[in-house]
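Below is one structure; the comments refer to it alone.
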Amino acid sequence: MSMIDEPLYPIAVLIDELKNDDIQLRLNSIRRLSTIARALGEDRTRKELIPFLSENNDDDDEVLLAMAEELGVFIPYVGGVEHAHVLLPPLETLSSVEETCVREKAVESLCRVGSQMRESDLVDHFIPLVKRLAAGEWFTARVSACGVFHIAYPSAPDTVKTELRSLYSQLCQDDMPMVRRAAATNLGKFAATIEAAHLKTDIMSMFEDLTQDDQDSVRLLAVEGCATLGKLLEPQDCVAHILPVIVNFSQDKSWRVRYMVANQLYELCEAVGPEPTRTELVPAYVRLLRDNEAEVRIAAAGKVTKFCRILNPELAIQHILPCVKELSSDSSQHVRSALASVIMGMAPVLGKDATIEHLLPIFLSLLKDEFPDVRLNIISKLDQVNQVIGIDLLSQSLLPAIVELAEDRHWRVRLAIIEYIPLLASQLGVGFFDDKLGALCMQWLQDKVHSIRDAAANNLKRLAEEFGPEWAMQHIVPQVLEMISNPHYLYRMTILRAVSLLAPVMGSEITCSKLLPVVMTASKDRVPNIKFNVAKVLQSLIPIVDQSVVEKTIRPGLVELSEDPDVDVRFFANQALQSIDNVMMSS
Amino acid sequence: MNGGDDASSSAATSGPPPSLEWRFSQVFGERTAGEEVQEVDIISAIEFDKSGDHLATGDRGGRVVLFERTDTKEHGGSRRDLEETDYAVRHPEFRYKTEFQSHEPEFDYLKSLEIEEKINKIRWCQPANGALFLLCTNDKTIKYWKVQEKKIKRISEMNIDPSKMESSSNPPPQLVANGLPADKAHGYLTKDFSFPPGGIPSLRLPVVTSQDTNLVARCRRVYAHAHDYHINSISNSSDGETFISADDLRVNLWNLEISNQSFNIVDVKPTNMEDLTEVITSAEFHPIHCNMLAYSSSKGSIRLIDMRQSALCDSHTKLFEEPEAPGSRSFFTEIIASISDIKFSKDGRYILSRDYMTLKLWDINMDSGPVASYQVHEHLRPRLCDLYENDSIFDKFECCLSGDGLRVATGSYSNLFRVFGTSPGSTEAATLEASKNPMRRQIQTPARPSRSIGSMTRVVRRGSESPGAEANGNAYDFTTKLLHMAWHPTENSIACAAANSLYMYYA
């Protein structure tokens with residue numbers, strides 16, 4: 001047992017703790033593996049540290065996960081790319097452990113190391129590793145194997161390439177569905193590295209196997225493969241081989257597979273190109289929009305706008321619009337909600353006339369939907385709506401919906417609508433706003449739910465910013481200040497909050513003349529909570545108002561509060577006084 | 001019956017397979033005379049894994065005990081000799097492997113409910129790298145366990161000798177965990193410190209030596225808060241990534257990797273609970289088709305659902321129900337119709353169901369009625385009233401099929417279990433007792449007139465249970481019931497639980 005020089009002590013402890021009983025210490029040591037490696041030097045890192053890590057692989061999953069991650073960036077510490085292959089053995093063991101997240105990280109690191117390795121090293125070290133994993137006894141190794149083929153393949157000699165392709169094809173037919181799923185997930189990546197000639201034969205036959213798999217979970221992963229493979233193939237091959245698969249998938253027995261098609265639709269359309277999309281995929285998409293399963297319709301409805309952009313207006317009006325009409329009265333609220341969130345994007349595609357003729361009625365019916373999420377989704381896209389149909393038409397139908405949402409039973413709905421008020425205000429303009437929405441904004445200040453009152457105060461500030469201080473002086477400030485006499489202290493507190501938010505927008509003059517007196521009155525409130533909030537508000541007013549006002553009004557008020565019987569009031573008053581002093585000193 | 005035409009044609013030529021002669025193989029936790037059974041030790045779940053190399057039992061105390069098969073491993077090389085010398089020796093033998101505490105008693109403060117630790121079901125998952133994985137559930141919470149051999153490590157050759165560190169007259173600077181100096185005077189751990197190019201030779205890595213291994217069970221995931229009612233079943237999908245859990249009114253679908261969300265796929269809860277007429281009693285995935293699952297109800301029906309059809313599978317694909325015989329209705333009809341357990345056959349073609357009186361075998365291609373019914377408790381019919389009084393009528397007996405599908409088995413009272421042959425023409429119907437002499441019952445069966453022999457009376461009466469022999473079934477001991485049993489997936493070997501004892505038989 002050697003004694004370590006004192007300066008080396010921390011690093012010595014770090015190394016010892018690689019094997020500490022406490023998992024947290026082991027984890028910390030693994031996270032600083034690069035420090036340990038530098039302390040040992042490149043040579044000993046290769047000869048001692050890496051073998052040490054390879055042998056100690058039955059640690060807890062958290063430690064293994066950290067180890068897998070560190071080893072991915074370890075090339076500099078083992079002496080650069082010419083020695084990168086020494087990192088493969090520990091990563092190989094890690095990529096066959098039971099825990100999925102460790103395996104995934106190990107595969108990621110294997111790819112990272114492999115992509116930097118020299119070609120000859122890949123042939124000598126990486127390719128044998130791929131083969132070993134692919135022939136692994138447990139499914140875990142075979143799952144990981146699927147994720148590293150694309151690194152190995154480009155550097156392999158021709159005979160080995162043939163072997164690798166046949167290995168992958170075996171993995172696509174593995175007994176374990178987990179392995180087939182991994183093969184399906186990684187097929188696109190692998191295919192991207194393969195020569196065109198083999199792509200059309202070998203890869204396509206693997207792909208066909210996967211598309212006909214008995215397990216839904218495998219087939220639905222093959223859907224993503226359609227998009228990636230389609231982009232790799234020549235357009236005519238894509239139409240010949242991929243398009244029929246997509247059309248089949250869109251009529252699959254399993255709703256989950258159809259859901260994937262609906263979800264991936266845009267990517268699939270991109271892969272096959274615009275012309276086949278118009279002829280072949282429109283009918284498929286229409287079927288998905290009318291699917292029996294609500295989940296599929298939700299996914300399909302969400303893609304309506306993106307899909308229509310690929311089409312010309314005639315096709316969209318002829319085929320898609322009737323479905324959209326049906327969906328707007330779908331039995332599932334989630335379908336209507338998904339539709340409501342995208343439907344306005346269709347307006348530019350259809351043009352003004354078609355929009356007013358076809359889209360507007362749908363839009364209005366969604367705006368009257370019984371389910372608040374649907375209405376909210378429409379209102380949140382209001383700027384788009386306004387551009388297309390104009391303010392008059394909009395305001396007629398919009399207002400009842402807004403008023404209803406503003407009084408919704410669920411406070412989260414009320415909160416959502418408050419957030420849209422500034423947007424609405426900017427779209428509707430001052431005049432309309434004053435008439436209809438002003439009263440609502442005041443009403444929210446007296447909501448039963450704190451979050452709503454808070455949002456309402458914030459809303460006032462944003463309105464003041466939108467319409468300017470003068471407008472606010474007329475339409476907000478008097479009404480707000482009136483409420484300071486509310487008998488309930490919680491509502492008075494909301495007003496204080498509104499005042500502190502409004503002051504910076506309103507500027508020094510209005511603050512001094514209108515807002516400050518109200519705050520000063522509130523400092524005489526009988527409720528301590530109000531008083532210490534006054535102290536906080538006064539503190540926030542210091543930078544806004546003139547030095548003289550601070551000295552003349554704010555400071556005396558605070559001094560008085562600092563002698564309050566309540567400890568919290570004294571605390572905040574003193575804090576505010578201190579900040580006055582700080583401002584004075586700095587100026 | 002195990003494989004369509006082939007099996008039936010071979011059966012036609014050779015007739016039904018001969019009846020099996022059951023022999024006692026092993027017992028674990030046998031009760032000694034006069035020993036009182038502790039409530040917590042009573043076995044509440046039994047399950048073989050897919051390979052048949054492992055067996056798990058769960059008990060009311062929340063413990064899970066694992067057994068491993070010994071006969072296949074140890075005889076490895078000399079198996080051929082053994083086959084030649086003594087064929088009968090080669091039956092599955094198990095030994096205790098390990099045990100762990102899966103569930104603890106809990107209290108639901110929101111509902112003021114005690115949650116028992118009792119293990120309701122155990123299911124094995126796909127093993128990997130020699131580690132075993134199981135799902136265990138009590139009434140509310142499902143847990144995913146990993147049981148793995150870990151090396152016992154001894155670490156030597158540390159850089160810093162812990163003993164010297166204590167006694168050192170000149171202690172090193174104040175250190176916090178990880179050797180980080182408390183004051184930041186030392187720059188070794190910061191990035192900009194440059195180590196000498198060859199490294200520091202005096203540093204060394206710890207040397208780890210390990211000889212022994214021990215088994216460690218770790219709970220990997222907890223799937224909780226998804227069931228309002230008591231979980232009665234869990235079942236793995238053949239896709240290897242999902243499983244279902246069923247309570248009285250709902251079936252949820254989980255991904256093994258994700259413990260914080262599940263999807264409700266069946267919900268039979270009526271909007272008004274007063275309209276409730278039927279509850280889910282058991283649910284199982286199809287062994288091959290990952291999209292199919294079956295669940296049974298308290299009204300005696302089995303529903304097969306296809307998860308491809310929709311996300312919420314409230315409407316079934318197939319309904320298996322036996323039409324009620326006219327005029328047979330009584331107060332007990334509905335109670336005894338309740339299905340306590342269902343199992344798919346290994347090939348997925350058949351479903352075995354157990355209700356209070358019978359075992360029924362259903363062909364999933366025929367929903368007009370069961371292909372076969374086996375009377376288990378017919379002799380108790382006159383006593384239903386008593387059974388109702390003492391709640392025995394609500395006992396939930398499990399059932400099992402042999403791996404080849406040629407036989408089915410289920411439990412009964414007095415620690416008895418019955419095995420029936422299912423092949424066409426088979427008359428095999430054995431009644432066995434979970435004891436070291438399982439055939440005792442049958443030997444006594446023909447001895448009906450021997451009732452007069454005084455000293456033998458008790459044995460005879462218990463032995464003469466075959467239907468009709470003792471119509472009133474007086475001798476039945478309703479406190480000793482054999483609820484849980486499992487059939488080895490590949491061999492004719494049965495594991496069954498009699499209170500706290502695990503009995504194993506082979507044929």
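Chain identifiers are assigned alphabetically (A, B, ...) following the order of the sequence lines, protein sequences preceding nucleic acid strands; residue numbering begins at 1 within each chain. None of these values were measured; they are calculated from a predicted model.
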Item checked: Residues Glu48(A), Arg204(B); criterion salt bridge (Lys or Arg N to Asp or Glu O under 4.0 Å); working and verdict -> CA-CA 9 Å; Glu48(A) 294 176 37; Arg204(B) 60 172 97 193; over 6 Å; no

Margin query: Please classify the contact between Asp291(A) and chain B as side chain, backbone, both or neither, with a heavy-atom cut-off of under 4.5 Å.
Written below: neither

Check: Given the options Lys253(A), Glu98(A), Arg44(A), which has more heavy-atom pairs under 4.5 Å with chain B than any of the others?
Finding: Glu98(A)

Check: For Asp214(A), is it the side chain, the backbone, both, or neither that has a heavy atom closer than 4.5 Å to a heavy atom of chain B?
Finding: backbone

Next item on the list: For each of Pro206(B), Ala131(B), Gly240(B), Ser237(B), tally heavy-atom pairs with chain A at distances under 4.5 Å, and name the one with the top tally.
Entry: Pro206(B)

Item checked: Counterpart residues, ring-ring contact (aromatic ring centres under 6.0 Å, His included), relative to Phe133(B) (two or more places apart) -> Tyr144(B)

Check: Is it true that a side-chain atom of Glu241(B) and a backbone atom of Met178(A) form a donor plus acceptor pair closer than 3.5 Å?
Finding: no

Margin query: Using heavy-atom distances under 4.5 Å, tell me whether Asn20(A) contacts chain B through its side chain, its backbone, both, or neither.
Written below: neither

Checklist line | chain A contacts, top residue of Met307(B), Arg218(B), Gln309(B) (heavy-atom pairs, under 4.5 Å) | finding: Arg218(B)

Item checked: Listed partners of His286(B) passing side-chain contact (heavy atoms from CB on, under 4.5 Å), at least two apart -> Ile288(B), His289(B), Met292(B), Phe344(B), Ile364(B)

Check: Relative to chain B, which segment of Asp21(A) carries a heavy atom at a distance below 4.5 Å: side chain, backbone, both, or neither?
Finding: neither

Notebook entry, point to check: Are any side-chain N or O atoms of Trp255(A) and backbone N or O atoms of Ser310(B), one a donor and one an acceptor, separated by less than 3.5 Å?
Noted result: yes

